[in-house]
4 protein chains.
Amino acid sequence: MATKRKSGVSDRRNRDSELIAAAITVFYEKGYAAASLQDVAEIVGVLKGSLYHYISSKEDLLARICVESHAQASVIMAESLESADDPLDQLRVYLHRIALWYVNNIERVSIYFNEGKWLTGERLSEVRTQGREFHSFVRTLVDKARSSDRVRDDIDPRVAAQLILGSLNSVSTWYRPDGLYSPEEIASAFTDMSLASISGEVPPVLSRVTAPDGDD
Amino acid sequence: MATKRKSGVSDRRNRDSELIAAAITVFYEKGYAAASLQDVAEIVGVLKGSLYHYISSKEDLLARICVESHAQASVIMAESLESADDPLDQLRVYLHRIALWYVNNIERVSIYFNEGKWLTGERLSEVRTQGREFHSFVRTLVDKARSSDRVRDDIDPRVAAQLILGSLNSVSTWYRPDGLYSPEEIASAFTDMSLASISGEVPPVLSRVTAPDGDD
Amino acid sequence: MATKRKSGVSDRRNRDSELIAAAITVFYEKGYAAASLQDVAEIVGVLKGSLYHYISSKEDLLARICVESHAQASVIMAESLESADDPLDQLRVYLHRIALWYVNNIERVSIYFNEGKWLTGERLSEVRTQGREFHSFVRTLVDKARSSDRVRDDIDPRVAAQLILGSLNSVSTWYRPDGLYSPEEIASAFTDMSLASISGEVPPVLSRVTAPDGDD
Amino acid sequence: MATKRKSGVSDRRNRDSELIAAAITVFYEKGYAAASLQDVAEIVGVLKGSLYHYISSKEDLLARICVESHAQASVIMAESLESADDPLDQLRVYLHRIALWYVNNIERVSIYFNEGKWLTGERLSEVRTQGREFHSFVRTLVDKARSSDRVRDDIDPRVAAQLILGSLNSVSTWYRPDGLYSPEEIASAFTDMSLASISGEVPPVLSRVTAPDGDD
DNA sequence: TATGAATGAGAGTTCATTCAT
DNA sequence: TATGAATGAACTCTCATTCAT
């Protein structure tokens, strides 16, 4: 009889997540503004009009990507607080976990942080609020740690939080999954450097005795 | 600053820099991909089509912006090397200067670092090469400083360079000229934190006393 | 009202009339051209594609709506002729009845008169022919009444018919079922005004003397 | 200074009004919702994207058409009031003038009355307000005329105004410029019939003789 | 029957770019 | 130089319709 193509197995249920996956790839590579649904459709293997069975708009696609990331990011904040009592320890846990999460989901998370600005209306407000929460979370921990002398006095918690989070976010510009470093290595390096960058831990007493002035 | 509508004299060469200035503003605010030449033309006060007496394409506009930044960035690298002998001191000078330059030219430099990827062909290669140079410059200094024990052994110069430069580049996402911090403050905070993040400086006495070899 | 999800019995034939009812609502509110089958499907509670078990096309839906109206409109013409002998009396009866029918079925009838033009091919010809019949029906009665001096000489039957029918059709643009006027009131006002607009019957009081029947 | 006139004649200044004219034709024939800018562009002889040099959106095109009609319609109302003192005379003048105007600009005016509903936001509010003004204008005159016994008591001014204006608006469904009737003939027939439809002007002599009391 | 996935054509709109004036 | 008209391609999105399940 007639030829029956489509012996493909996973045709059924996966379309929706296939679509998200394709969008993640495209948005990550081109940026949301320059990405076209045409590109997404081609990857999925349907006509671009067909995408609208799964989404209601291009922005909707972006929103879905962001929502998932946000939920996970929130969990990481909460868990980090529970994992330790000391602010600096909490910060260490948080930085390591979020970095690991970031690297392991580099495309999606990078979109969340870098392309979320293209959302509009309420969703834009949300993503901005969330961004402030991350920053505020880190700043608060830095601040507390400074109060207990585990962070240097000359550290401004606000600026420190920005620089640390910026450093993390930069990972998406240079990390390659098939590169030299494992996610764990990157997360550790990031965590260690971030903490060192603010730490007063050194041996404050000793160094004060032997070296009257710090470096600069 | 100098130009007036109908001066008849300086209108000539100024249009060109007006155009660049307008493009910088627009590209910075919207991103290159989402920016339209219409926006640029409106700021300059000419019609869209008229722009093509000054540029040959939208990409050309971007290229010009990048070229200027690249030249300045190169100078900063060179001068930093001349300003000191020790690698860590050179790095300190470099980070401070480039940060100050970045903040003081935030729009243009941010475009250079973040939108340069939209260039094509030879120009794309150039901008990528330049990016690698910056990274390589910092990495090399970190590496040298590590060899002379001024940087911790556990620091991977490659990753450190990425994180430091990423931290710097993140400034464009949160710095506001009318904000809480002066360029100098930001540059200093960035420099201090960056050096602290890699430094083995602090415990030299201690480590010499208690541990003959490097820490960790 | 009667149908429930899984009654198993009346679900059958009712879907069909439900569908028509839904289409009437949608076509009336948005106009045929701007209406989407999606809207219809949502009201009925099935998916868009499922509609095609009941209809063969969007136009088919329109055609069915029109057919029913046409049949009823034809009956009204025929009955009106039988209800009296005098052309003007026939016209009076006709106008009153058709107006009452129009108002009581405002959505469906309005579609018939205003959206029938979207039909194509043979069906378009039919609906046009029918439209001409209505007009011709009224024109003929006006003409006859004029011959017997019950309509003014200066009345052009053709134009009069158009204006009267146009006036009737306009009802759909302003009538609201929950408004100030009952269908009966509107039908009467329409009939009275229409007849007065062509009448040579000058003294309405007189007609009460000479004509034993009081209309309404 | 010698003026440099375009010998090309119509190519230059006319595009804008050509565009409006084309849009009027297309909107009139297909209705706004079903009309496509493609159709308009083809008439004008440009690509559809090029239309956006003259308009900012399809709706903008509709709005422009409506604005012009509204202005003229307002003038007719004002002038009619000045042309006579008696309300019924004012009404007669108004109906005749507006009918003449309607027929002479049948496409544009018909769009104003029938397609204005497709406008959105503020413009929709405006066009609706204007529609109420027309109705209110006629209703008020009918009401006044009824107070001075020139209109029958049984006439409801509100319904009468709707039917009269509906009758007028129906002209666009049947009038053909190359048809049997001149604009003047149609305007006169419409005016005469409309006034007769509400008039209590009976034949004073006859009614006085046979019926000493008032009508009704 | 009903679903839900997919199509294909076409809609309105944007935009970098060209070119005669 | 500068304009303004025009292009052509690409974009997001809509919709009537089909069809295997």
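Every chain is numbered from 1, with letters handed out A, B, ... down the list of sequences.
Here Ala35(A) lies in heavy-atom contact (under 4.0 Å) with sugar-phosphate atoms only. Using a 4.0 Å heavy-atom cutoff across all strands shown, Leu37(A) reaches sugar-phosphate atoms only and no base atom. If you check every strand for non-hydrogen atoms under 4.0 Å, Ser50(C) touches a base. At the heavy-atom level, Ala33(A) lies nowhere under 4.0 Å from the strands shown.
We find that CG of Leu62(D) is positioned 15 Å from C1' of dG12(E), with the value rounded to whole Å. At whole-Å resolution of the value, CG in Leu47(B) and P in dG4(F) are 5 Å apart. In this entry the distance linking CD1 of Ile55(D) with P of dT13(E) reads 7 Å, nearest Å.
The existence of a salt bridge linking Lys48(B) and Glu42(B) is excluded, since no basic side-chain nitrogen approaches an acidic carboxylate oxygen closer than 4.0 Å. Ion pair Arg15(A)/Glu18(A) flagged as a salt bridge, since at least one NZ, NE, NH1 or NH2 atom sits closer than 4.0 Å to an Asp/Glu carboxylate oxygen.
Nearer the 5' end of DNA chain F, as judged by each residue's closest nucleotide, is the contact made by His53(B), out of Gly49(C) and His53(B). Where Gly45(D) and Glu59(C) each meet DNA chain F at their nearest nucleotide, the meeting point lying more 5' is that of Gly45(D).
For dG8(E), the paired base is dC15(F) (Watson-Crick or G-U wobble, both distances below 3.5 Å). Across all strands shown, dT21(F) pairs with dA2(E); the Watson-Crick or G-U wobble distances both stay below 3.5 Å.
Taking every heavy atom of both residues into account, Gly116(B) and Val127(B) meet most closely at O-CG1, 3.7 Å.
Note on Tyr52(D): every side-chain N or O is 4.0 Å or more away from OP1 and OP2 of dT14(E). Under 4.0 angstrom from either OP1 or OP2 of dG4(E) there lies no side-chain N or O belonging to Arg15(A). For dA6(F), the OP1/OP2 oxygens have a side-chain nitrogen or oxygen of Tyr54(D) closer than 4.0 Å.
Under 3.5 Å, the side chains of Tyr112(B) and Gln130(B) contain a donor-acceptor pair of N or O atoms.
Nearest nucleotide to the side chain of Val46(A), out of dA6(F), dT3(F), dT7(E): dT7(E). Distances from the side chain of Lys58(D) to the nucleotides dT7(E), dT13(E), dC11(F) place dT13(E) closest.
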| request: Please test Arg64(C) against Asp16(C) for salt bridge (Lys or Arg N to Asp or Glu O under 4.0 Å), starting from the C-alpha separation and ending with a verdict. | output: CA-CA 11 Å; Arg64(C) 288 210 227 164; Asp16(C) 205 86; 2.9 Å; yes
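For dG4(E), the base has no donor-acceptor partner in the side chain of Lys48(C) [N/O atoms by modelled type, under 3.5 angstrom].
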